[in-house]
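Every heavy atom of this structure was used, including side-chain atoms; hydrogens, water molecules and symmetry mates were not. As the structure is a prediction and not an experimental result, all values here were calculated from the model. Counting starts at 1 for both ligands and their atoms, following the listed order.
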Amino acid sequence: MPAFTASAPGKIILFGEHAVVYGRPAIAAPVSQVKAKANVTADPKGTPGNVRIHAPDIGLEASLGDLPADQPLAAAIQGVLTSLRVKRAPACSIKVSSTIPVAAGLGSGAAVSVAMIRAFSAFLGHPLPDETISAMAFEVEKLHHGTPSGIDNTVVTFTKPVYFVKGQPIETLRVSRPFTLVIGDTGIASPTKASVGDVRAAWQANKAQYEAYFDSIHGIVDSARSAIESGVIELLGPLMDANHGILKKIGVSCSELDTLTLAARKAGALGAKLCGGGRGGNMIALVSKDRAEAVAAALKKAGAVRGIITEIGK
Ligand code: PMV
């Protein structure tokens, strides 16, 4: 039996994180420079039904049956078996690896789920369609995040920039003029579940104020959408700065993210903001192509552990 391999990219949220959990739109795009990969091989000598999972990046090596049902990798595989009504899979081994930093706002959990679901369903002879893969990865996202919006699994599955509203059919975004971003990593692991939970507590304590923040973000997202679709990329910089300012008020920035966004602007970025859950993880800066290397260098000097240059809409 041949090996079945699938991969899925990382993702960044360009605009609208956190507000998206409360029904507002967000814009996100895939980042192909980092990816998760899953490889499934048959184990002809193994006991039928025995599915081994190896994920050296997180030090995991176990049989599916020995993992708790809420372990995210096990849940992804179990989801495929349930959906395809497979009682006993052929003995096999699933190897998962990823270059996407974990708990960093780049969608690593969703990418791992999507790669595993895609490769394992193909191995079982029933490659699942993208809609189903995304829906299944969303179920796993709930284990990671608590109350996810679904944006990560959507972008990572369909690998296109999207204008996303929770619970609505996906709208892919037409990027009239590709644009360049530098992604700077604070190196601080920050589980999204914690920041999403804290925002929920703050929203519960002061609904009027938080709803107003989310409405402001909604306006920014819609302006950004027009700018992207009409190719007036210069408008995106100030919109990023404004979005970062509100995220700061919401309480999901941190001194390291503020330092990196400032350093990017000083080095010539047109705008910058944290991206994803916040409190660590990554930030993004909009740059002209010829300033990308200089901004990436400035971010490293200001403490970033990694700088990725990516082009959106290419
Ligand atoms: O940190 P990430 O990349 O998983 O992004 C989380 C985005 C949030 O809006 C904060 C949560 C969500 O589920 O959309």
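- For Val196, no nitrogen or oxygen atom sits less than 3.5 Å from a nitrogen or oxygen atom of ligand 1, counting backbone and side chain alike.
- Looking at atom 9 (O) of ligand 1, its nearest protein heavy atom turns out to be His18 N, 2.9 Å.
- Considering only non-hydrogen protein atoms, atom 7 (C) of ligand 1 sits nearest to Ile13 CD1, 3.5 Å.
- The nearest protein atom to atom 4 (O) of ligand 1, hydrogens excluded, is given as Asp152 OD2, 3.1 Å; this is a heavy-atom distance.
- Protein heavy atom at the shortest distance from atom 6 (C) of ligand 1 is Thr192 CG2, 3.5 Å.
- Salt bridge annotation for Glu211-Arg24: present, with a cationic side-chain nitrogen under 4.0 angstrom from a carboxylate oxygen.
- By the 4.0 Å N-to-carboxylate-O rule, Lys273 lies too far from Asp241 to be salt-bridged with it.
- With ligand atoms numbered from 1 in the order given, ligand 1 contributes 9 (O) to contacts under 4.0 Å with heavy atoms of Glu17.
- Close contacts of ligand 1 with Val20, meaning ligand atoms under 4.0 Å from a residue heavy atom, involve 9 (O), 14 (O).
- Atom 12 (C) of ligand 1 has as its closest protein heavy atom Ser149 OG, 3.3 Å.
- Met240 pairs with exactly one of Leu286, Leu274, Thr261, Ile220 by the side-chain contact (heavy atoms from CB on, under 4.5 Å) rule, that one being Leu286.
- The pair Lys160-Glu171 fails the salt-bridge criterion, with no side-chain N (NZ, NE, NH1 or NH2) lying under 4.0 Å from an Asp/Glu carboxylate O.
- Those atoms of ligand 1 with a heavy atom of Pro148 less than 4.0 angstrom away are 13 (O).
- Annotation: the span from Leu73 atom CG to Ser113 atom OG amounts to 7.0 Å, rounded to 0.5 Å.
- With a 4.0 Å heavy-atom cut-off, ligand 1 is reached by no atom of Glu141.
- Annotation: Gly277 places an N or O atom under 3.5 Å from an N or O atom of ligand 1; distance criterion only.
- At least one side-chain heavy atom of Phe179 sits under 4.5 Å from a side-chain heavy atom of Ile228.
- Residues Pro9 and Val31 fail the side-chain proximity criterion, which asks for heavy atoms closer than 4.5 Å.
- The nearest protein atom to atom 5 (O) of ligand 1, hydrogens excluded, is given as Gly276 CA, 3.6 Å; this is a heavy-atom distance.
- The protein non-hydrogen atom at the shortest distance from atom 3 (O) of ligand 1 is Lys11 NZ, 2.4 Å.
- When each atom of ligand 1 is checked for a heavy atom of Ile151 under 4.0 Å away, the hits are 14 (O).
- Side chains of Phe15 and Ile217 form no contact here, defined as non-hydrogen atoms less than 4.5 Å apart.
- Between Lys11 and Asp152 there is a salt bridge, with a side-chain nitrogen of the basic residue lying less than 4.0 Å from a carboxylate oxygen of the acidic one.
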